[in-house]
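The structure appears below as structure tokens.
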Protein chains: 2
Amino acid sequence: MSIASAFPDQAFTQGCPTRVVLDHVMSKWSPLVLAALSDGEPLRWSELRRRAEGVSEKMLAQTLRMLEQDGLVLRHARPVVPPHVEYSLTPLGQGLVERLVPLMTWIAEHADQILE
Amino acid sequence: MSIASAFPDQAFTQGCPTRVVLDHVMSKWSPLVLAALSDGEPLRWSELRRRAEGVSEKMLAQTLRMLEQDGLVLRHARPVVPPHVEYSLTPLGQGLVERLVPLMTWIAEHADQILE
DNA sequence: CCGTATCCTACCTGATACTG
DNA sequence: CAGTATCAGGTAGGATACGG
């Protein structure tokens, strides 16, 4: 029996790869970083820190490394002084944010209702 | 400047109610509980424990209380012995899962690609 | 059957300092 | 500018035992 009829039987069972990806995508800062990149425009480290308001340097680094390893975010470092590094979505990452943004939009529209 | 052009300016800024709701919805077990209820059929505590494979009793209780307080999940206790309690989605919760399920479906379809 | 209470650990956070 | 390193403190989450 799967968790819900919408998914294949083995999806989101314990130890399933889907569970790992779900945890990555749903981690505290991933949605904010992914949403910030959703416009398609590459962003620099400092700009990402401003957009994901409240993120520590440690957690931003950790989140970006994770998303890069997952093939969702691309890191492009230009070898200049001072360093210039840009982050953008991979095609895979774009597919993800196309589903993520509607969810976040819904939350933005209904947050008041939810917290009274 | 908002986090991304898709959202209103104040959305997902630090301390904004949207941030609280985002954290609730993206918490470790919420997606699995909400997805389990997405079929529309009310589920009992023991069935939810089976569907959200790996969840501890403490975290299931905490997650359900949170979702109930947020007005996303409805708790219906029938006063019988032994106790019979059912959980289901509120209309608000249904609106949420309509956006959540496509995201989780995408993850189920692309998890292999992501983890190589 | 449906939870609560307790304890314990792991991670997140925040601050600070430092490097190419 | 774009990070890494380290350490102290708090909080989310896990394991287990017990109660209505």
Side-chain angles (χ1 to χ4, degrees), chain A residues 1 12-16 19-34 36-37 41-70 73-88, chain B residues 12-16 19-37 41-70 73-88:
Chain A
M1 182 61 168
F12 305 114
T13 52
Q14 208 170 6
C16 176
R19 200 60 94 72
V20 178
V21 176
L22 185 69
D23 284 344
H24 286 191
V25 172
M26 301 283 181
S27 74
K28 188 166 177 59
W29 298 105
S30 287
L32 294 173
V33 168
L34 292 169
L37 295 171
E41 189 197 354
L43 295 182
R44 305 181 65 175
W45 167 275
S46 48
E47 181 62 20
L48 282 171
R49 277 215 71 190
R50 270 188 295 274
R51 303 275 193 117
E53 220 177 284
V55 71
S56 68
E57 296 189 332
K58 181 180 164 184
M59 291 315 296
L60 181 56
Q62 205 170 107
T63 302
L64 284 171
R65 260 201 308 267
M66 185 180 67
L67 295 175
E68 194 193 352
Q69 275 207 318
D70 288 349
V73 161
L74 201 68
R75 181 183 188 275
H76 181 65
R78 284 198 274 154
V80 293
V81 179
H84 187 101
V85 183
E86 285 186 339
Y87 296 90
S88 58
Chain B
F12 305 114
T13 52
Q14 207 171 5
C16 178
R19 200 59 95 73
V20 178
V21 177
L22 185 69
D23 284 345
H24 286 191
V25 172
M26 301 284 181
S27 74
K28 190 166 177 56
W29 299 104
S30 287
L32 294 172
V33 169
L34 291 169
L37 295 171
E41 191 197 352
L43 296 182
R44 304 181 66 175
W45 166 275
S46 47
E47 181 62 20
L48 282 170
R49 277 214 71 190
R50 271 187 294 274
R51 303 276 191 116
E53 220 176 282
V55 70
S56 67
E57 296 190 331
K58 176 184 166 182
M59 290 316 298
L60 180 57
Q62 204 171 108
T63 302
L64 284 171
R65 261 201 307 269
M66 185 180 67
L67 295 175
E68 194 193 352
Q69 274 207 318
D70 288 350
V73 162
L74 200 68
R75 180 182 190 275
H76 181 66
R78 284 199 274 153
V80 293
V81 179
H84 186 100
V85 184
E86 285 186 338
Y87 296 91
S88 58

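Here is the naming used below: chain letters follow the sequence lines, and residue numbers restart at 1 for every chain.
DNA chain D forms stems at C:3-20 with D:1-18, each a run of 3 or more consecutive Watson-Crick or G-U wobble pairs whose two key distances fall under 3.5 Å.
Under the rule for a salt bridge (charged side-chain N to carboxylate O under 4.0 Å, His left out), the partners of Arg49(A) that lie at least two apart in sequence or sit in another chain are Glu57(A). Residues satisfying the side chain to side chain donor-acceptor pair (under 3.5 Å) criterion with Gln62(B), sequence neighbours excluded, are absent altogether. Looking at residues two or more places apart in sequence or on another chain, you find a side chain to side chain contact (heavy atoms under 4.5 Å, CB included) between Glu68(B) and Arg75(B). Pro83(B) is linked by a side chain to side chain contact (heavy atoms under 4.5 Å, CB included) to nothing, counting only residues two or more places apart in sequence or in another chain. Taking Arg19(A) as the reference, nothing meets the salt bridge (charged side-chain N to carboxylate O under 4.0 Å, His left out) condition, with sequence neighbours excluded. For Arg44(B), the salt bridge (charged side-chain N to carboxylate O under 4.0 Å, His left out) criterion is met by no residue, not counting sequence neighbours.
Within residues 23-34 of chain A, the residues having any heavy atom under 4.0 Å from DNA chain C are, by residue number, Lys28(A), Trp29(A). Residues from residues 41-50 of chain A with heavy atoms under 4.0 angstrom of DNA chain D, sorted by number: Arg44(A), Trp45(A), Ser46(A).
A 6.0 Å sphere centred on CD of Glu53(B) holds more than 12 heavy atoms belonging to other residues, nucleotides or ligands.
At whole-Å resolution of the value, CZ in Arg19(B) and C1' in dT13(C) are 14 Å apart. For Met59(A) and dA10(C), the CE to C1' distance is 13 Å, given to the nearest whole Å.
The shortest distance between side-chain heavy atoms of Arg65(B) and Gln69(B) does not fall below 4.5 Å. The shortest side-chain heavy-atom distance between Leu64(A) and Trp45(A) falls under the 4.5 Å cut-off. No side-chain heavy atom of Thr63(A) sits less than 4.5 Å from a side-chain heavy atom of Val55(A). Residues Leu22(A) and Phe12(A) form a side-chain contact, since some pair of their non-hydrogen atoms from C-beta on lies under 4.5 Å apart. Here the side chains of Pro31(A) and Met26(A) are not in contact, with every heavy-atom distance at 4.5 Å or above. Residues Arg51(A) and Leu43(A) meet the side-chain proximity criterion, which asks for heavy atoms closer than 4.5 Å.
With a heavy-atom cut-off of 4.0 Å to chain B, the contacted part of DNA chain D has its first and last nucleotide at dG13(D) to dG20(D).
Under the 3.5 Å distance criterion, the side-chain polar atoms of Thr13(B) are left unmatched by any main-chain donor or acceptor of Cys16(B).
Dashed line: the shortest gap from a side-chain N or O of Gln62(B) to OP1 or OP2 of dT4(C) is not under 4.0 Å.
Residue Arg78(A) is out of contact with every strand shown, counting any heavy-atom pair closer than 4.0 Å.
Screening residues 22-32 of chain B for side-chain hydrogen bond (donor to acceptor under 3.5 Å, both in side chains) gives Asp23(A)-Lys28(B), Lys28(A)-Asp23(B), His24(B)-Asp70(B), Ser27(B)-Ser30(B) as the qualifying pairs, with residues at least two apart or on separate chains.
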Mark up nucleotides 14-20 of chain C, 5' to 3', with B wherever a protein heavy atom is under 4.0 angstrom from a base atom, S wherever such an atom reaches only the sugar-phosphate, and - elsewhere.
------B
